[in-house]
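A quick write-up on the structure given underneath.
Start at 1 and go down the list; that is how both ligands and their atoms are numbered.
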Amino acid sequence: MYLYNSLSHKKELFQPNSPDVVKMYTCGPTVYHFAHIGNLRTYIMEDVLEKALRYQGYNVLRVMNITDVGHLASDADTGEDKMLKGAKRENKSVMEIAKFYTDAFFADCEKLNIKRPDVVEPATGCIPEFIAIVQGLLDRGFAYVAGGNVYFDTSRLDKYYVFNDHDEDDLAVGVREGVEEDTNKRNKNDFVLWFTKSKFEDQALKWDSPWGVGYPGWHIECSGISMKHLGEDLDIHAGGIDNAFPHHTNEIAQSESYLGHKWCNYWFHVHHLNTDTGKMSKSKGEFLTVSLLESKGYDPMAYRLFCLQSHYRRNLVFSWENLDNATQAYEKLIAKIATLNPGSDVDEEALAALKERFNNALNGDLNTSLAITAVYDVLKAKCSDATKLAALADFDTVLSLNLISAGETLRKKQEQECLASADPEIDALVQQRTDAKKAKDFATADRIRDELKARGIEIIDTPQGSKWRKV
Ligand code: AMP
Ligand code: ZN
């Protein structure tokens, strides 16, 4: 599989360090609020990547953190802890907030058929591991204590901006607009590994450490949790593009300085879901959730299809119109699948050709929009319905759009509706249409269909012949 690697700015042939397992790490949610559908775009695309690797025969071990401490209001080191803000907003304890929104996150993932990673680890469960890394960085001279906090010393690195050749002044933490300068820092880009001093004295969760009672910085948690479960090297690290700087940049700085060697080979960044007013963002307060889509009558699968229709390295613009289009496309797709007759034979050669097309789409930097085209190609292919169903079931191990189960559910529903609306006169007209079609008298067949439609009757062509229902 060729994957775009943000580190090299190129598509590269994916080769894991070990043939036995692909070690994959993904940044998890900060659980102070519901995940918005932008966050979930990132999780959907990471889910597809994991499933595509499994589809290609790799054994994947995927680890994800839950950020329940240390993520401050800004992605740099300033402001209040987001968890504490959430707890105050809802008059609950930080741990109550964390539990509620972690459960809500996984409930949303389930609705979107996003598989739960093999290991899910809350940051608050790994404090001793973080302390060990911070101590190791101090011992190796990559960190210093100032004003009660422990900072990473970015001046010790040959190259800090690994993803982009940013102008140091443009992006330097501490000089960006709205970010207060931290006078303890020796260099503008230095970041906090461990806090004991904060303006926000009411920080709820604190732990003892060699540097005093405090709490970890946000970046250290992903390095620590990854090393705890995946060891000293990593094949793929994934996250949203906004995490490339400073979060992932800092993860690399501290992990490689601590380990003394390269840490992660491939960086997979999903671009943003935007609205017409800009990036959808949790901290802005107003955002769209899966529950909101459902309350408006949308099927979460339509949103998943909407995401799959575009490439993960392009910004995606959300609008209700775009979601309506995806909904129509999904409904049409399922209606078509519902007409396929499973009772025929599978043509293995034709199936292999269809699978190859799908696999090629995945191989081209996870081109999910081409993978969706491969689904339409199946429906148009000249092969038995059983072959089509076998191909769709195979593709859906990656796409997870419920192609087979939703098709079956629709077919059964339509059959029941047809039974419930039995009427000999209509039966006779439907039979006349079938006879006309057999005789290739399509003008008559179409006329009967239109007449029935005008009376509120829809003809459904099923594997067992034409049926009808009232609409
Ligand atoms: P958070 O819960 O804020 O830590 O973010 C969870 C994940 O969602 C991270 O990987 C972010 O990079 C990603 N993310 C945040 N906003 C968006 C967006 N508008 N579109 C896509 N991904 C996003
Ligand atoms: Zn992370």
Side-chain angles (χ1 to χ4, degrees), residues 6 24-47 49 62-75 79 81-83 85-86 97-98 101-102 104-106 108-109 112 114 117 120-123 126 130 163 191 216-230 234 236-255 263-264 267-290 303 306-307 310-318:
S6 311
M24 180 174 174
Y25 184 85
T26 44
C27 293
T30 310
V31 283
Y32 68 108
H33 219 319
F34 292 108
H36 58 62
I37 60 172
N39 301 129
L40 289 161
R41 177 194 190 196
T42 292
Y43 295 110
I44 288 173
M45 301 319 291
E46 292 168 348
D47 179 64
L49 173 61
R62 178 165 165 209
V63 177
M64 186 173 86
N65 64 304
I66 299 288
T67 300
D68 53 0
V69 68
H71 196 172
L72 304 190
S74 111
D75 279 354
D81 187 312
K82 288 186 180 182
M83 294 302 298
K85 261 178 101 168
I97 287 281
Y101 288 113
T102 302
F105 172 73
F106 284 114
D108 285 345
C109 286
L112 289 164
I114 298 169
V120 174
E121 179 86 81
C126 301
F130 306 151
F163 293 113
F191 54 94
W218 172 39
H219 316 297
I220 197 74
E221 74 178 72
C222 287
S223 296
I225 291 172
S226 167
M227 285 181 209
K228 176 175 176 183
H229 295 285
L230 298 169
L234 195 53
I236 305 179
H237 192 312
I241 189 73
D242 58 318
N243 281 166
F245 181 86
H247 184 49
H248 293 159
T249 305
N250 291 350
E251 279 187 45
I252 293 174
Q254 68 204 4
S255 299
W263 175 50
C264 175
W267 287 82
F268 177 89
H269 286 124
V270 181
H271 286 239
H272 282 150
L273 180 81
N274 294 326
T275 59
D276 48 8
T277 54
K279 180 193 158 209
M280 194 171 290
S281 146
K282 245 193 266 191
S283 51
K284 279 192 203 157
E286 272 188 23
F287 52 80
L288 300 173
T289 60
V290 175
Y303 181 66
F306 172 64
C307 291
S310 75
H311 194 255
Y312 75 90
R313 280 196 300 116
R314 280 170 189 250
N315 286 343
L316 181 58
V317 177
F318 178 84

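Using a distance-only test at 3.5 Å, with no hydrogens or angles considered, no donor-acceptor pair links the side chain of S223 to the main chain of I252. One N or O on the side chain of R41 and one on the backbone of H271 form a donor-acceptor pair closer than 3.5 Å. Distance alone, capped at 3.5 Å, is enough to place a donor-acceptor pair between the H311 side chain and the R313 backbone.
The nearest non-hydrogen atom to atom 17 (C) of ligand 1, considering only H269, H272, R41, K82, comes from H272. The heavy atom nearest to atom 8 (O) of ligand 1, considering only N39, N274, I66, is found in N39.
In terms of N/O distances under 3.5 Å, ligand 1 is not approached by H271. Every N/O-N/O distance between C27 and ligand 1 stays at or above 3.5 Å. Some N or O of T30 is nearer than 3.5 Å to an N or O of ligand 1, by distance alone. Checked against a 3.5 angstrom limit, the closest N/O atoms of P29 and ligand 1 fall outside it. Considering backbone and side-chain N/O of T42, one or more are found under 3.5 Å from N/O of ligand 1.
For H248, every N, O or S atom stays at 2.8 Å or more from the Zn ion (ligand 2). Among the atoms of C27, an N, O or S atom is found under 2.8 Å from the Zn ion (ligand 2).
In this structure T42 satisfies the side chain to side chain donor-acceptor pair (under 3.5 Å) test with no other residue, sequence neighbours excluded. Applying the side chain to side chain donor-acceptor pair (under 3.5 Å) rule to R62 yields the partners T26, E50; only residues at least two apart in sequence or on another chain are considered.
Side chains of H229 and E121: a donor on one and an acceptor on the other come within 3.5 Å.
Y32 and H71 have their aromatic ring centers separated by at least 6.0 angstrom.
Per-residue contacts place G240 under 4.0 angstrom from the following atoms of ligand 1 (heavy atoms of the residue considered): 10 (O), 12 (O). Those atoms of ligand 1 that come under 4.0 Å of a heavy atom in N243, given as number and element, are 9 (C), 10 (O), 11 (C), 12 (O).
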